[in-house]
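Below is one structure, written out as structure tokens; comments come after it.
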Amino acid sequence: MPTTPSKFRDLASVRTIAVIGAGAIGSGWATYFLAKGFDVVVADPSPDAEARSRAYVAHAWPDMLAIGYTEAGSVPEARLRYVRSPAEAAGTADFIQENAPENRELKHTLLAEIDAAAPPDVIIASSTSGILPSELQRACRHPGRLVVGHPFNPPSHIPLVEVVGGQQTDPAAVAWSVDFYRYIGKYPIVLRREMVAHLANRLQAALIREAIYCLDEGVASADDIDAAVRMGPGLRWAFMGWQMIFRLAGSEGGTAYALDHMAKEIDGWFDSLGDVRLTPEVQKKLVDAGEEIARGRPAGEWIEFRDRKVTALLRLLHEEPRYPGD
Ligand SMILES: NC(=O)c1ccc[n+]([C@@H]2O[C@H](COP(=O)([O-])OP(=O)(O)OC[C@H]3O[C@@H](n4cnc5c(N)ncnc54)[C@H](O)[C@@H]3O)[C@@H](O)[C@H]2O)c1
């Protein structure tokens with residue numbers, strides 16, 4: 001456990017976590033924090049949020065056991081509490097994870113309310129998929145403790161968290177958040193400067209844009225465009241990033257050898273990449289492709305399939321060090 005003194009609450013003293021907003025992301029975080037032994041207080045104004053969220057936690061719990069995130073055989077209900085008021089949850093927490101809808105005005109008001117209620121040594125992390133932390137912290141009285149802690153769906157399962165500070169974020173808050181997420185078993189990465197959509201969604205956007213371009217141009221079927229990733233490079237990406245893959249393309253000569261042979265060609269690939277916009281026509285094609293790929297099965301069935309596969313994959317990845325020599 002990191003022991004560096006910090007103006008923020010001692011990591012080891014964190015007992016209660018406030019989860020603000022209990023949709024897919026908030027419920028996923030609540031499940032994970034519970035699995036890691038914290039008391040969790042969830043705040044959501046919607047009257048059906050508690051029932052939906054409790055159902056999520058119960059459903060995901062067997063995966064938490066299977067992956068090894070917990071040894072508790074059943075959901076520790078006594079450590080999970082639901083309230084309507086974000087301020088009430090924030091006022092009693094040692095760490096706050098905000099997961100309200102991706103709406104700028106709503107988040108501004110909500111974060112100001114949370115910030116006013118939480119003691120100033122408590123870190124507030126927002127799950128926002130793409131809003132800059134500088135923008136989110138504007139309405140806060142203590143902007144220095146606000147970071148983005150961006151997870152991936154489902155956050156109950158997926159380890160990555162992108163940590164991003166804004167112009168007013170104290171570097172110690174970024175350091176604290178990285179230490180905290182790592183301490184609880186997540187895999188935090190840090191952005192050295194904020195960018196719209198952070199890092200991983202930018203990478204996804206680059207790939208998605210080209211996939212949509214190829215779909216729009218009729219280069220291949222919707223199924224084949226998906227298979228081009230999931231049956232190919234996607235299999236390696238779970239355990240090896242593109243930089244290593246590129247290095248291996250050059251065999252013992254490494255990246256330098258690969259570039260010697262390929263740089264000109266690859267520049268040509270870059271030049272030929274498509275530019276596409278989500279016009280109504282393109283959106284219609286995407287909707288049709290989504291239906292074709294779903295094969296008439298409801299979203300719930302696909303979510304179950306996703307979580308089962310992610311669980312199996314994480315079990316496999318946990319069997320060995322992340323990288324040789326680690
Ligand atoms: N869905 C994803 O794949 C994904 C992935 C990573 C991050 N995120 C981010 O996480 C956040 C939540 O996304 P989601 O998909 O769970 O959304 P969602 O719409 O499923 O859930 C949002 C929840 O917030 C509640 N809410 C509304 N107003 C609130 C308020 N004032 N205070 C507290 N709760 C309030 C709603 O009742 C709802 O239960 C967004 O910022 C989103 O960008 C989403």
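Along the sequence shown, the residues carry numbers beginning at 1. Both counts, for ligands and for their atoms, begin at 1 and track the order of listing.
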Specify the protein heavy atom at minimum distance from [atom]: its residue, its atom name, and the distance to 0.1 Å.
| atom | value |
| --- | --- |
| atom 41 (O) of ligand 1 | E102 OE1, 2.6 Å |
| atom 12 (C) of ligand 1 | N99 O, 3.2 Å |
| atom 36 (C) of ligand 1 | D44 OD2, 3.5 Å |

From the options T16, I17, L80, V19, select the one residue that forms a side-chain contact (heavy atoms from CB on, under 4.5 Å) with F38.
I17
Linking I/L/V/M/F/W/Y whenever their side-chain heavy atoms sit closer than 4.5 Å, directly or via other members, would M195 and V163 fall into one cluster?
no
Would a single hydrophobic cluster contain both V148 and L203, if residues Ile, Leu, Val, Met, Phe, Trp and Tyr are joined by side-chain heavy-atom contacts under 4.5 Å?
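Linked within one cluster.
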Closer than 4.0 angstrom, basic N to acidic O: yes or no for [X] and [Y]?
| X | Y | result |
| --- | --- | --- |
| E304 | R308 | no |
| D216 | R277 | no |
| R15 | D94 | no |

Heavy atoms only: which of [options] is nearest to [atom]?
| atom | options | result |
| --- | --- | --- |
| atom 24 (O) of ligand 1 | P86, P101, S85, A43 | P101 |
| atom 30 (C) of ligand 1 | S127, G28, S129, P45 | P45 |
| atom 11 (C) of ligand 1 | G23, A22, A49, A100 | A100 |

Interfacing atoms of ligand 1 (cut-off 4.0 Å, heavy-atom, [X]):
| X | answer |
| --- | --- |
| P151 | 6 (C) |
| R52 | 39 (O) |
| S46 | 37 (O) |
| N153 | 3 (O) |
| I20 | 33 (C) |
| H150 | 6 (C), 7 (C) |
| A24 | 16 (O), 20 (O) |

Return the minimal non-hydrogen interatomic distance between E102 and S129, and the atom names on each side.
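So the two residues come closest at OE2-N, 3.2 Å.
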Could you check whether atom 17 (O) of ligand 1 has a protein contact, counting only heavy atoms that fall below 4.0 angstrom?
no
Close N or O approach (F152, ligand 1; < 3.5 Å):
no
For I25 and ligand 1, does the shortest N/O to N/O distance drop below 3.5 Å?
yes
Kindly state whether the ring of Y181 and the ring of W176 have centres lying under 6.0 angstrom apart.
no
May I ask you to check whether over 12 heavy atoms, not counting those of H59, lie within 6.0 Å of atom NE2?
no
Can you tell me if E71 has over 12 outside heavy atoms packed within less than 6.0 Å of its CD?
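No, because the 6.0 Å sphere around CD of E71 holds 12 heavy atoms or fewer from other groups.
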State if K107 counts as touching ligand 1 under the rule of any non-hydrogen atom under 4.0 Å.
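Right, K107 reaches ligand 1.
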Quickly, which of R145, K7, R9 forms a salt bridge (Lys or Arg N to Asp or Glu O under 4.0 Å) with D121? Name it, please.
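Single pass found, and it is R9.
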Counting only heavy atoms, which portion of L110 has something under 4.0 Å from ligand 1: side chain, backbone, both, or neither?
side chain
